[in-house]
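As structure tokens, the structure follows; a few thoughts come after it.
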Amino acid sequence: MPELPEVEVVKQSLERTIKNKYIIDILVRNPNLRLKITSKFAKILKKKIILNIKRIAKYIIFELSYDQYLIIHLGMSGTLHLVTSKKSNLNTNLSFYSSTNLPKKHNHIEINFGNFKIVYNDPRRFGFFKIVNSKKKLNNYFSKKGLDPLQKQFNFKYLFEKFKNRKKNIKNILLDQNIISGIGNIYASEILFFCKINPNKEGRLIKTIEIKKIIKYSKLVLNKAIKKGGSSILNFRSTQGNMGNYQDEFKVYGKENKKCPNKNCKFKILKLNISNRSTFYCQNCQN
DNA sequence: CCGTTAACCTGAGAGC
DNA sequence: TGCTCTCAGGTTAACG
């Protein structure tokens with residue numbers, strides 16, 4: 001469920017909590033995530049120090065000692081929980097879930113730091129943990145993906161090259177992680193509303209000025225969402241178990257039949273199904 | 001190469 | 001209470 005802003009909030013909380021910490025042990029309760037956890041997994045992570053925590057798009061990366069890198073993707077329902085030994089199963093404050101308690105089911109991986117542990121919970125198991133054993137392999141992994149909209153290189157020249165000759169509609173382009181990496185279904189609708197672009201518009205028909213708007217509002221919307229602690233629709237919570245607040249800023253997502261938020265527009269927000277993902281927009285303001 | 005669809009999973013909520 | 005159906009912040013193999 002998390003998109004770039006929510007993953008960034010989790011990354012920042014992990015940074016405060018486990019940076020420079022030593023992994024004492026790993027427990028894999030269920031190896032059957034989207035990528036199967038191998039038998040070597042625990043052995044590699046054990047006795048390593050987490051030197052740095054980074055985020056690229058929707059991925060969290062642990063830079064470990066001995067040139068090992070752990071790539072984490074939360075999928076649709078992955079959450080991380082901080083569990084202190086005293087409180088055992090209660091009051092996890094690195095929550096990403098509707099309850100500040102550790103869920104009873106689907107706790108697949110535990111990273112033990114001694115006086116506390118991080119528990120990975122994921123009901124749908126679309127998330128994954130992947131280890132690569134060199135910086136080169138790490139870079140190679142991300143070189144095949146689209147640019148993160150918050151990166152500097154995400155500019156007019158980059159998008160222009162990606163958009164030209166594309167018959168694919170702009171909504172699907174924003175969601176295509178091989179073109180742009182980090183935007184998901186909520187923020188795609190929100191960004192297009194600010195840009196005043198119809199989600200069905202073909203990439204090749206997007207004008208110069210519209211490309212510039214996409215760059216501007218992608219950065220603006222995502223950065224604002226990070227500042228607001230992410231969006232809490234169903235179950236997202238930030239570091240201290242607090243809800244994010246960006247859902248209060250939504251212009252169109254989930255606003256079907258509500259009035260368009262633009263002044264002087266009396267149209268209602270429509271819900272479309274584009275490639276089996278719900279899409280919200282104003283037919284009057286977005287052309 | 002490009003674009004679309006189905007598939008991977010579980011749980012919550014609506015309607016009957 | 002229970003059944004069936006739809007939907008959910010994601011990704012990708014397979015197909016034409």
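So you know, we letter chains A, B, ... as the sequences are listed, proteins then strands, and number each from 1. Because only heavy atoms are used, hydrogens play no part in the values below, and waters and symmetry mates are left out as well, while side chains stay in.
In this structure, OH of Tyr187(A) is placed 15 Å from C1' of dG10(C), rounded to the nearest angstrom. If you take CD of Gln177(A) and C1' of dG10(C), they are 8 Å apart, rounded to a whole angstrom. Whole-Å rounding puts the Lys130(A) NZ to dT11(C) P distance at 15 Å. The distance from atom CG of Leu4(A) to atom P of dG10(C) is 11 Å, rounded to the nearest whole Å. When rounded to the nearest whole Å, the span between CE of Met76(A) and P of dC7(C) equals 13 Å. Rounded to an integer number of Å, the gap from NE2 of His106(A) to P of dA12(B) is 9 Å. Rounded to whole Å, atom P of dT4(B) lies 11 Å from atom CG of Asp176(A). Remark: P of dG3(B) and CG of Asn200(A) are 14 Å apart, rounded to the nearest angstrom.
Remark: Lys212(A) is positioned above the aromatic ring of Phe156(A), its terminal NZ or CZ atom under 6.0 angstrom from the ring centre and at most 45 degrees off the axis. Figure legend: Lys145(A) and Tyr141(A) shown as a cation-pi pair, the cationic atom lying under 6.0 angstrom from the six-membered ring centre and within 45 degrees of its axis.
A heavy atom lying under 4.0 Å from DNA chain B marks the following residues of residues 160-169 of chain A, by number: Arg166(A), Lys167(A), Lys168(A).
dG11(B) and dT12(C) have their P atoms separated by 24 Å, given to the nearest Å. Nucleotides dC9(B) and dC3(C) place their P atoms 23 Å apart, quoted to the nearest Å.
Proximity of Ser231(A) to Glu6(A): side-chain heavy atoms (C-beta onward) are separated by under 4.5 Å at one or more points. A 4.5 Å side-chain heavy-atom check between Ile49(A) and Phe62(A) finds every atom pair outside the cut-off.
The side chain of Ser278(A) contributes an N or O atom lying less than 4.0 Å from OP1 or OP2 of dA8(C). The shortest distance between the side-chain N/O atoms of Lys145(A) and the OP1/OP2 oxygens of dT11(C) is not below 4.0 Å. Applying the 4.0 Å criterion to OP1 and OP2 of dT11(C), one finds that His73(A) has a side-chain N or O inside that range.
A salt bridge links Lys11(A) with Glu15(A): at least one charged nitrogen is closer than 4.0 Å to a carboxylate oxygen. Remark: Arg166(A) does not engage Glu202(A) in a salt bridge, criterion side-chain N to carboxylate O under 4.0 Å. In summary, Lys135(A) and Glu63(A) engage in a salt bridge, as defined by a charged side-chain N under 4.0 Å from a carboxylate O. Salt bridge status for Lys201(A) with Glu210(A): present, with a side-chain N to carboxylate O gap under 4.0 Å. Comment: Lys47(A) does not engage Asp25(A) in a salt bridge, judged by the lack of any side-chain N to carboxylate O separation of less than 4.0 angstrom.
Taking the ring centroids of Tyr253(A) and Tyr187(A), they lie at or beyond the 6.0 Å cut-off. Checked against the 6.0 Å centroid criterion, the rings of Phe113(A) and Tyr22(A) do not qualify as a close aromatic pair.
Base pairing in DNA chain B gives the following stems of 3 or more Watson-Crick or G-U pairs, range against range and under 3.5 Å: B:2-8 with C:10-16, B:10-16 with C:2-8.
Heavy atoms only, all atoms of each residue included: Gln177(A) and Gly182(A) are closest at OE1-N, 2.9 Å.
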Quick test: give all pairs of protein nitrogen or oxygen and nucleotides 5-9 of chain B nitrogen or oxygen below 3.5 Å, distance rounded to 0.1 Å.
from: dC9(B); atom 1: O3'; to: Arg125(A); atom 2: NH2; distance (Å): 3.0
from: dC9(B); atom 1: O2; to: Arg124(A); atom 2: NE; distance (Å): 2.7
from: dC9(B); atom 1: N3; to: Arg124(A); atom 2: NH2; distance (Å): 3.2

